[in-house]
Amino acid sequence: MRPFIKNIGIFIGAMVLLALIANVVRTSKEEVRTVSLSELATSIQQKSVKKIEVMNSDLAITATDGKKMVSRKEVGESLPTVLRTYGVTPEQLQSVELAVVGETGWRYWVGVLVPVFGPIILIVALFYFMARQVQGANSRAMGFGQSVAKEVAADQKVKVTFADVAGMKESKEELQEVVEFLKTAEKFTGMGAKIPKGVLLMGPPGTGKTLLARAVAGEAGVPFLHMSGSEFVEMFVGVGASRVRDLFARAKKLAPAIVFIDEIDAVGRRRGSGMGGSHDEREQTLNQILVEMDGFEANSGIIVIAATNRADVLDPALLRPGRFDRRVTVTYPDINEREAILGIHAKNKPLDPEISLRNIGERTPGFTGADLANLMNEAAILAVRRVKKTIGLIEILESIDKVLLGPERRSHVFSQDEKKMTAYHEGGHALVSHLLKHTDPIRKVSIISRGHAGGYTLKMPIEDKHYHTRAEFVDDLAMALGGWAAEKLIFGDDMVSTGPSSDLRTATRIARDAVTQYGMSDALGPRTFGTREELMYVGQGMPERDYSEKTSELIDAEVSRLVKAAGDQATRLLGKHRATLDKIANELLVKETLEEKEFVELVGIEKGAETI
Ligand code: ADP
Ligand code: MG
Ligand code: ZN
């Protein structure tokens, strides 16, 4: 909206200027004295007036001694009439030269036209400028791909290198080859080797795919042309394809170069996958990408890098040889990589000497590179707010929670009853989890509201985990229902709140995954149910089922059975340890937050005591 305000400003400024000009034009006369009509009348009677020029209501008076004066009369009244009222007789007036002149020349016209047409012209101009601005914003759509092409971002000089990417040793090694290709293409072509055209980076969001692609361009010292798959989706039919054409045309001019297509799954989903609706635009864009990739020579010096977190939904055509036939997987960083990533983002940040990055790495399993970058940044901001010279451990720990759970909402006011309910709810989760062996240790329990949750129970694995056992599924299920079980136990069936609704959803999902994806149900056996495609689009379009209606009923029954068993177990455990639950809830009402150590001491029971 800024340009709009600017326009208004210009408009008002112009108006003021015009008014000034009009004023000056109308009154710009030599320095003359202004006299009143009665003075004029007296002067006439004393015969000291030689000449009066009447111009509408303005009177230009020349005295007998040559001095000039001005005066004004009412419009419409003739001067002799006016003067008569001041006692000037027609005889006295006869000695004065009286001339009625019309305003002439440009001055007259400016005086007449500016007040009338000035504002109109200004308003028209204002609309014109505004219309142009709106068009500018829409030019992505209006230009039908043409003007858009000019916007394709190309970084001629990428400064990021592999040194800025922590960890990812294997990925970097694989990409090192690509760097070599770009740097010394002749060496390879001389040997008759074909340079790969496309590299697909696969991995969860925030794990550094974009960063890695940039680093390749930086290492090779080649331009980096990038665009995102999701940009195409909002466009009119045909725009995406023409944009892809322009992108590659530009790349050819800049070659050797890297073309980076982020979020390629947005356009590169399996075609005709029965998702319903028309996907013309998507398909045309995808086709154009394929055409372009086939079109350029293997040795033209362009390497296309695409990134996705959904490699499994990609159209197989994309993965054929000669296209994205090289694939690099990017995963969640392990403890060593987390330490290294923290190291990169701790640069230029003064940390307390007591802080060990290794230690922070240990506390952040499951964090992506982006999470860790975010964590360090939040800690720095906190330190600034607290007017500290260095970032302390407290800031880091608070930031971990913030990244994990969203900001605290201390302003959120709960009634005493709600607080009590939350204390028992979170206490229930934490206690059930603690009593079972195969759950992760509780790091923190709190009844401080964060994000949507009224309170939270934070558990975290001791080390990175890549697999989950069936025992873990069962125990996690019980923990997920711990809050619900506690509410039911303490406040009775009728008083269970809407609070646990997301817990119930979580529980159902865990149970469903165990049955349909991991084959952990005895009743259904070790097989998967539903294609990946269906799992991706549950609730969207037509699910692709690879099992019968009867099996579907069996799955439902099995999921219900698992959830019910877990709920029963949680209820039983909490009933048995009711006194401990009360203790936790009361402590939470006092302290609001219990750290791992406080919690363990308070409970006073060994972890996993109820699992035999
Ligand atoms: P993706 O494209 O996979 O979603 P990004 O490349 O956009 O992830 O990563 C987001 C940010 O996270 C990066 O800008 C960087 O600050 C940080 N980051 C991620 N991975 C790493 C890493 N391995 N080393 C250093 N920083 C990282
Ligand atoms: Mg990215
Ligand atoms: Zn809960």
Side-chain angles (χ1 to χ4, degrees), residues 159-172 175 200-216 224 226-231 260-266 305-311 328-334 336-347 357 361 367-377 403 405 421-433 445-447 449-459 476 478-488 496-507 567 570:
K159 292 213 184 69
V160 183
T161 64
F162 281 157
D164 299 302
V165 186
M168 299 206 232
K169 196 155 160 285
E170 290 90 0
S171 311
K172 280 198 221 165
L175 290 169
L200 185 63
L201 299 178
M202 307 181 298
T207 44
K209 299 181 293 296
T210 308
L211 184 70
L212 206 52
R214 277 186 168 281
V216 172
F224 182 75
H226 53 96
M227 61 192 334
S228 171
S230 57
E231 288 168 34
F260 179 60
I261 306 176
D262 210 350
E263 304 173 52
I264 196 168
D265 47 289
I305 300 184
T308 180
N309 47 6
R310 291 277 196 79
V328 175
T329 312
V330 181
T331 52
Y332 287 102
D334 63 22
N336 295 319
E337 289 173 319
R338 286 199 298 275
E339 188 182 351
I341 294 173
L342 284 167
I344 283 184
H345 293 282
K347 264 186 219 152
L357 293 180
F367 273 48
T368 62
D371 290 334
L372 293 168
N374 189 7
L375 153 67
M376 292 309 284
N377 192 47
V403 171
L405 304 154
M421 184 87 92
T422 308
Y424 272 101
H425 181 106
E426 298 306 331
H429 280 304
L431 183 56
V432 169
S433 175
V445 198
S446 174
I447 56 168
S449 171
R450 272 186 193 270
H452 287 298
Y456 58 93
T457 301
L458 196 59
K459 59 178 178 134
D476 278 347
M479 178 199 172
L481 292 170
W484 165 84
E487 285 192 29
K488 208 162 72 97
V496 170
S497 74
T498 51
S501 100
S502 77
D503 288 342
L504 300 184
R505 209 171 307 124
T506 309

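Just so you know, ligand 1 is whichever comes first in the structure, and atom 1 is the first atom listed for that ligand. Being a predicted model, the structure only gives us computed values, none of them experimental.
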(message) Please state which option from Gly208, Ala340, Gly369, Ala215 has its nearest heavy atom closest to atom 9 (O) of ligand 1.
(response) Gly208

Any side-chain to backbone donor/acceptor pair from [X] onto [Y]? Under 3.5 Å, distance only.
X	Y	value
Glu263	Ser228	no
Lys209	Ala306	no
Glu337	Met168	yes

Distance (rounded to the nearest 0.5 Å) between [X] [atom1] and [Y] [atom2]:
X	Y	atom1	atom2	value
Thr161	Arg214	OG1	CZ	13.0 Å
Ile341	Asn336	CD1	CG	11.0 Å
Leu372	His345	CG	NE2	7.5 Å
Thr331	Met202	OG1	CE	11.0 Å

(request) Test side chain to side chain donor-acceptor pair (under 3.5 Å) on Thr368 and Asp371 and set out the steps. (result) CA-CA 5 Å; Thr368 62; Asp371 290 334; 3.2 Å; yes

Which residue holds the protein heavy atom closest to [atom], what is that atom called, and what is the gap in Å?
atom	value
atom 10 (C) of ligand 1	Ala370 CB, 3.8 Å
atom 4 (O) of ligand 1	Gly206 N, 2.7 Å
atom 2 (O) of ligand 1	Thr210 OG1, 2.6 Å

Of all the N, O or S atoms in [X], which has the shortest distance to the Zn ion (ligand 3)?
X	value
His429	NE2
His425	NE2
Asp503	OD2

Check contact between [X] and ligand 1, using heavy atoms of the residue and a distance below 4.0 angstrom.
X	answer
Pro205	yes
Arg214	no
Ala307	no

(message) Checking Ala213 now: which residues fulfil side chain to side chain contact (heavy atoms under 4.5 Å, CB included) with it, not counting sequence neighbours?
(response) Leu201, Phe224, Phe260, Ile305

For ligand 1, which is the ligand I care about here, please tell me if [X] has any N or O atom under 3.5 Å from one of the ligand's N or O atoms.
X	result
Asp262	no
Leu211	yes
Ala373	no
Ile344	no
Ile341	no

Can you name the atoms of ligand 1, numbered from 1 with element, that are less than 4.0 Å from a heavy atom of [X]?
X	answer
Thr207	3 (O), 8 (O), 20 (N)
Met168	23 (N)
Ala166	22 (C), 23 (N), 24 (N), 25 (C)
Val165	23 (N), 24 (N)

(request) Using a 4.0 Å heavy-atom threshold (strictly under), name the region of Asp164 that reaches ligand 1: side chain, backbone, both or neither. (result) backbone

(request) Quick one: look at His345 and ligand 1, take heavy-atom pairs under 4.0 Å, and tell me if it's side chain, backbone, both or neither. (result)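 Within the 4.0 Å criterion, His345 contacts ligand 1 through side-chain atoms alone.
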
(message) Give me the atom names and distance for the closest heavy-atom approach of Leu212 to Ser171.
(response)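 Taking every non-hydrogen atom into account, CD2-CB, 4.0 Å.
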
(message) Under the side-chain contact (heavy atoms from CB on, under 4.5 Å) test against His429, which residue among Leu481, Leu458, Thr457, Val445 passes?
(response) Thr457

(request) Determine, for Asp476 against Lys459, whether the closest basic-nitrogen to carboxylate-oxygen distance falls under 4.0 angstrom. (result)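 A salt bridge links Asp476 with Lys459.
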
(message) With heavy-atom distances below 4.5 Å as the criterion, would you say the side chains of Tyr456 and Leu405 are in contact?
(response) yes

